[in-house]
Amino acid sequence: MTASPYETGVARASIERALIAAGKDLEHLVPADLGMLEDFHTIGRIATSQLVDLLDIAAGTEVLDAGTGIGGTARYLADRLRCKVTAVDLAEECGEKSSA
């Protein structure tokens, strides 16, 4: 598989270093700990929140997050709406994903 334009080879390591520098315990993170680090699109978490507000997603709804990156939107949806999210991404550096 060819490299994705989103792959840098440093995303996870850089995020982990930033979290540790902020005093976070990597084994006990909550979605809010990652919020400012993981929405790599225009307007970031604000845009994600506004889009979610427009959708009719109820608790227990199954949602697919395709092109999830490191899973920010998936974690946000699962935490905020208590829905089941399956997250997938082609970029290997984004790590293995599972349902949230």
Side-chain angles (χ1 to χ4, degrees):
M1 176 185 300
T2 60
S4 161
Y6 299 105
E7 291 184 44
T8 64
V10 296
R12 182 179 180 140
S14 295
I15 290 169
E16 288 177 352
R17 280 193 303 276
L19 289 166
I20 291 167
K24 303 296 181 182
D25 178 352
L26 298 183
E27 298 300 319
H28 298 95
L29 296 172
V30 297
D33 292 334
L34 299 165
M36 298 310 291
L37 300 170
E38 62 188 359
D39 287 312
F40 298 127
H41 53 75
T42 305
I43 312 176
R45 180 53 52 95
I46 295 167
T48 300
S49 177
Q50 290 176 344
L51 179 60
V52 168
D53 289 344
L54 294 172
L55 301 172
D56 187 21
I57 301 174
T61 300
E62 292 185 24
V63 176
L64 172 63
D65 180 7
T68 194
I70 64 168
T73 299
R75 275 189 291 280
Y76 179 78
L77 286 168
D79 183 60
R80 179 169 170 203
L81 302 176
R82 302 294 181 221
C83 59
K84 179 180 179 181
V85 183
T86 299
V88 296
D89 198 289
L90 293 177
E92 289 183 31
E93 78 177 24
C94 291
E96 186 175 319
K97 304 296 184 296
S98 62
S99 295

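Note that the numbering runs from 1 along the sequence shown for the chain. Heavy atoms only: backbone and side chains are in, while hydrogens, waters and symmetry mates are out.
Listed by first then second residue, pairs satisfying side chain to side chain donor-acceptor pair (under 3.5 Å) with a partner in residues 58-67 read Asp65-Thr68, not counting sequence neighbours. Among residues at least two apart or in separate chains, side chain to side chain donor-acceptor pair (under 3.5 Å) pairs with a member in residues 23-32 are Lys24-Asp33, Asp25-His28.
The line from OG1 of Thr48 to CZ of Arg75 is 12.0 Å long, rounded to the nearest 0.5 Å. Interatomic distance, CD1 of Ile57 versus SG of Cys83, reported as 5.5 Å (0.5 Å rounding). Between atom CD1 of residue Ile15 and atom CG of residue Leu26 there is a gap of 11.0 Å, rounded to the nearest 0.5 Å.
Here Ala59 pairs with Arg82 under the side-chain contact (heavy atoms from CB on, under 4.5 Å) rule; sequence neighbours left out.
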| request: Using the side-chain contact (heavy atoms from CB on, under 4.5 Å) rule, take Val63 and Thr86 through it: C-alpha gap first, then chi angles, then the decisive distance, then the call. | output: CA-CA 6 Å; Val63 176; Thr86 299; over 6 Å; no
Check: residues 49-56 side-chain donor-acceptor pairs under 3.5 Å, at least two apart:
| unit_1 | atom_1 | unit_2 | atom_2 | d |
| --- | --- | --- | --- | --- |
| Ser49 | OG | Tyr76 | OH | 3.2 |
| Asp53 | OD1 | Arg80 | NH1 | 3.2 |
| Asp53 | OD1 | Arg80 | NH2 | 2.3 |

